[in-house]
Amino acid sequence: MSTSSIPRQPATAEPVTETTGHRRLLEQLRADGVRYLFGNPGSSEEGLLDEIARFPDIDYVLGLQEATLVSSADGYAQATHSPSVALLHSGVGLGNAIGSIYHAMQRHTPMVILAGEAGVAYEPLDAHMSADLVGMARPVTKYATRAVHPTSVLRLLRRCRKIAATPPQGPVLLVLPQDVLDQPNDEPVVPTVVPDTRVVPQREQVREAAQLLAGAQSPVIVVGDGVATSEALPELVDFAETWGAPVYSSMSSELNFPWNHPLNAGLMGHMFGETSGAAVAEADAVLVCGTYLFPDVFPLVTSPFRPDAQIVHIDLDASAIAKNHPVTMGLASDPRLTLRELTTRVREVATDADRAAAQRRTEQIRQRRENERQTKLTQDRQARQEVPLRMSAVAEQLAELLPDDTVIFDEALTHSPELTRWLPPHTPGDFFQTPGGTLGIGIPGAVGAKLAHPERTVVGFTGDGGAMFTFQALWTAAHHRIDVKLVVCHNASYRLLKENLVDYRMDRGEHNPTAQFPWFFDLSAPRVDFVDIAAGLGVSARRVTTFEEIRPALGAMLDHDGPFLVEVHLEREVNQTPEVQEVKQP
């Protein structure tokens, strides 16, 4: 029988119902190309949750805890440079997620966070779980609002997506009362328009900036994630080589400058202003691009720059320019376009002596960095078989085993220097890291990055402390068969707190060889068993305690079809101050 002869069902077989806000909202997400909706379900979103089942082209990524869920959405947005969408449950779900949203705000993650609530009609009744969700989220979002009428649900959703995606990017919140979404909705569904903000200053301004910078004898460049967002890495490399200046990365969560480039000066740190200030203290000219000065936990309250230093600041975020310390010239413009034009103008005004000096500085920096790198690599090789293991022993093996297009999501923290020494990031989109502050981004961030790049190997690194905040993401990876690879750097201590306490004591002039660490920095009694935790959440895992176990475990991880975790027992001493002893718990 041909298909044309198959009898049709009567038109009245299924009742015609009006389209509600639930369906319209999902149609809007579809129009904007949203592939994944990261969610943890709750009773005040029942209508929307029921409707999602009718949208097979939008996958609901189920998370078991909201902070973990938002971190996965964060990792997905980082890897795609496009707004991700998360659905949270009322005030309790939003409250759980606040720390992760704060992290997204600090690193300018484009993200639309939807939060359900019972309804506008119940607001005067102080209903159970009711809260001022907009007020809760406002300090940690770029924009927060609430839909109160069915004629403006999609209007607000498009506004939120536009704001999230427009530089400076960031998370936004839209509160969705269920009684508003329950009502018929005839709003038009049209793709969100995100304005193109790529602008370049007038040529006269760029020429003035070039004249300020040309001829510098000790130049320095400070960059942040605005460079990666603008896709300005090639232009930054060209400018740095032309100017002969070392490049420091400030609060970077992406690759803003190749780590294997001779002019890479590394990360500035984020704790103490004295550390950041030292990087620019001797500079007679500084170019700042894609960040503000200085995003430390304990920042300097006075300017660290020389009084005669020429400082040029480029950022699409006008509020970041001269935010804390005066600069000579600020250009509210796109980093990629501006750096390209600035390099041309610097070459025009530079003298032969300037060019020779730039080449000489570059060669001097290259030799110094290469000598330092070779010294550290030699030390790493000498310590290969030490027990407890060094992270360098694991990183050396990974450097041989990982495919060239591997994506690294790094929250190894105190072990990151060893990891990146053997696996120096050099290609945009291949490396992400936590800039500090919120712990627990490593596992869920890698899960999100793998969703963004299913065809590539994605390896996430975290510490034992950070892993305990968001290990629920292991279940999500197992449930959705997300083939992510994970390494837990298990030193059974809050090692970063030890290092920061040493710096704090030294800053106050209180450090001495017999100083002791608080006993509660120790996490060895009992030692957390991440192999058992992974197994309990459906993820295969192996433990590594000796050099001989490293390669077989890493090979098993990479060969496994599905998520896999390797727990590596690492040394826990603070190498910078070996004389500091721990106090055990009484």
Side-chain angles (χ1 to χ4, degrees), residues 14-39 41-55 57-58 60 73 82-91 93-94 101 110-138 141-166 169-195:
E14 185 173 329
V16 178
T17 59
E18 292 183 287
T19 299
T20 67
H22 303 291
R23 179 170 296 185
R24 278 283 187 265
L25 184 143
L26 291 165
E27 289 174 347
Q28 180 63 52
L29 295 182
R30 173 190 282 163
D32 284 328
V34 173
R35 178 72 178 82
Y36 296 105
L37 178 58
F38 297 82
S43 297
S44 57
E45 302 88 52
E46 297 286 11
L48 184 57
L49 296 170
D50 192 34
E51 193 66 45
I52 289 171
R54 301 180 180 92
F55 284 75
D57 53 331
I58 299 178
Y60 186 88
S82 179
S84 56
V85 182
L87 176 60
L88 306 180
H89 171 50
S90 194
L94 178 61
I101 299 172
M111 185 186 304
V112 177
I113 300 161
L114 308 175
E117 67 168 20
V120 174
Y122 310 118
E123 186 174 351
L125 304 176
D126 192 21
H128 182 54
M129 292 194 300
S130 64
D132 179 5
L133 305 189
V134 171
M136 289 172 61
R138 187 170 285 125
T141 55
K142 185 180 176 185
Y143 175 71
T145 190
R146 180 179 183 231
V148 296
H149 197 275
T151 59
S152 288
V153 174
L154 301 196
R155 188 193 322 274
L156 289 176
L157 181 57
R158 286 192 293 269
R159 181 184 301 172
C160 286
R161 184 175 180 86
K162 181 193 74 171
I163 292 173
T166 303
Q169 296 176 336
V172 301
L173 173 77
L174 174 58
V175 179
L176 298 169
Q178 183 157 265
D179 61 357
V180 173
L181 295 185
D182 281 341
Q183 298 181 50
N185 187 306
D186 61 358
E187 289 183 272
V189 177
V190 295
T192 300
V193 175
V194 178

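Bear in mind that the values here come from a model prediction, so they are computed numbers and not experimental data.
The 12-atom threshold is exceeded at CG of Asp57, counting heavy atoms of other residues, nucleotides or ligands nearer than 6.0 Å. In the displayed structure, Tyr122 atom OH is contacted under 6.0 Å by at most 12 heavy atoms of other residues, nucleotides or ligands.
The CG atom of Leu174 sits 11.0 Å away from atom CD1 of Ile113, with the distance rounded to the nearest 0.5 Å. Between the CG atom in Leu114 and the SG atom in Cys160 there is a gap of 8.0 Å [rounded to 0.5 Å]. Here OG1 of Thr141 is found 11.5 Å from CE of Met111. Values are rounded to the nearest 0.5 Å. Within the model, atoms OG of Ser82 and CZ of Arg161 stand 5.0 Å from one another, a figure rounded to the nearest 0.5 Å.
Defined by atom type and a distance below 3.5 Å, a donor-acceptor pair is present between the side-chain atoms of Thr151 and His149. A donor-acceptor contact under 3.5 angstrom links the side chains of Asp32 and Gln28, judged on distance only.
Salt-bridge formation is detected for the pair Glu123/Arg146: a Lys NZ or Arg NE/NH1/NH2 atom is positioned less than 4.0 Å from an Asp or Glu carboxylate oxygen. Taking 4.0 Å as the cut-off between side-chain N and carboxylate O, Glu27 and Arg24 count as a salt-bridged pair.
Side-chain atoms of Asn185 and Leu25, non-hydrogen and from C-beta on, never get closer than 4.5 Å to each other. Side-chain contact between Val175 and Leu94 is absent, with no heavy atoms from C-beta onward closer than 4.5 Å.
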